[in-house]
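This report concerns only the one structure given below.
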Amino acid sequence: MKNLQAKTVVVSVPRHVELLCELLGVGSQELMQEFANTLLFDHSTSSSKNNLLNDFILSKGYGREKFCEREILQALADLRTVVGLFPSENEDENEEWRDKLLEYWFEQWNARQKEN
């Protein structure tokens, strides 16, 4: 089973974003984390944010070598459903079930890839 714990990544923040963060009184790391939490599958995310994420992923062409557009959108919808089942307030008690469902989601979608 994959390690489904949060992964720490290093991101270069452009100077204009750093200046904006300074102006707004928020750290760039906090801004980037909140951005990821809110836009990327927060269980309370509005449909307009979902559409923004869908549009971004499709415009970048991510996954197009493996899936058609309809499948990418369905995979995102399915992932939102799984994430929404386990709000972060109950992180400890739900961690095992969330991880099992995330792994199942990944295995199912990974098996559906286009044949190259």
Q: Apply the test side chain to side chain contact (heavy atoms under 4.5 Å, CB included) to residues E96 and L101: give CA-CA distance (whole Å), side-chain angles for both, the deciding distance (0.1 Å), then the verdict.
A: CA-CA 9 Å; E96 184 179 347; L101 280 174; over 6 Å; no
Q | Nearest-0.5 Å distance, CG of residue N110 to NZ of residue K66 | A | 6.5 Å
(Q) Could you list the cluster mates of Y104? Members are the ILVMFWY residues connected by side-chain heavy atoms closer than 4.5 Å, either directly or through other members. (A) none
Q) Going by side-chain heavy atoms closer than 4.5 Å, which hydrophobic residues are tied to L31, directly or by a chain of links? A) V9, V11, V13, V17, L20, L24, V26, M32
**Q.** side chain to side chain contact (heavy atoms under 4.5 Å, CB included) involving Q74 - partner list, sequence neighbours excluded
**A.** A77, D78, W109
Q. Sequence neighbours excluded, which residues qualify as side chain to side chain contact (heavy atoms under 4.5 Å, CB included) partners of Y62?
A. F56, I57, K60
**Q.** Partner residues of E69 under the side chain to side chain contact (heavy atoms under 4.5 Å, CB included) criterion, sequence neighbours left out
**A.** L58, R64, L73
Q) How many angstroms lie between CD in E18 and CG in L23, if you round to the nearest 0.5 Å? A) 12.0 Å
Q: Supply the members, apart from L19, of the Ile/Leu/Val/Met/Phe/Trp/Tyr cluster built from side-chain contacts under 4.5 Å; use none for a lone residue.
A: none
Q: Working to the nearest 0.5 Å, report the span between CD of Q113 and CZ of F67.
A: 4.5 Å
Q. What distance separates E103 CD from Q108 CD, expressed to the nearest 0.5 Å?
A. 10.5 Å
Q. Looking at C21 and S28, what are the two nearest heavy atoms and their distance?
A. SG-CA, 3.7 Å
Q. With a 4.5 Å heavy-atom cut-off, do L102 and E107 have their side chains touching?
A. no
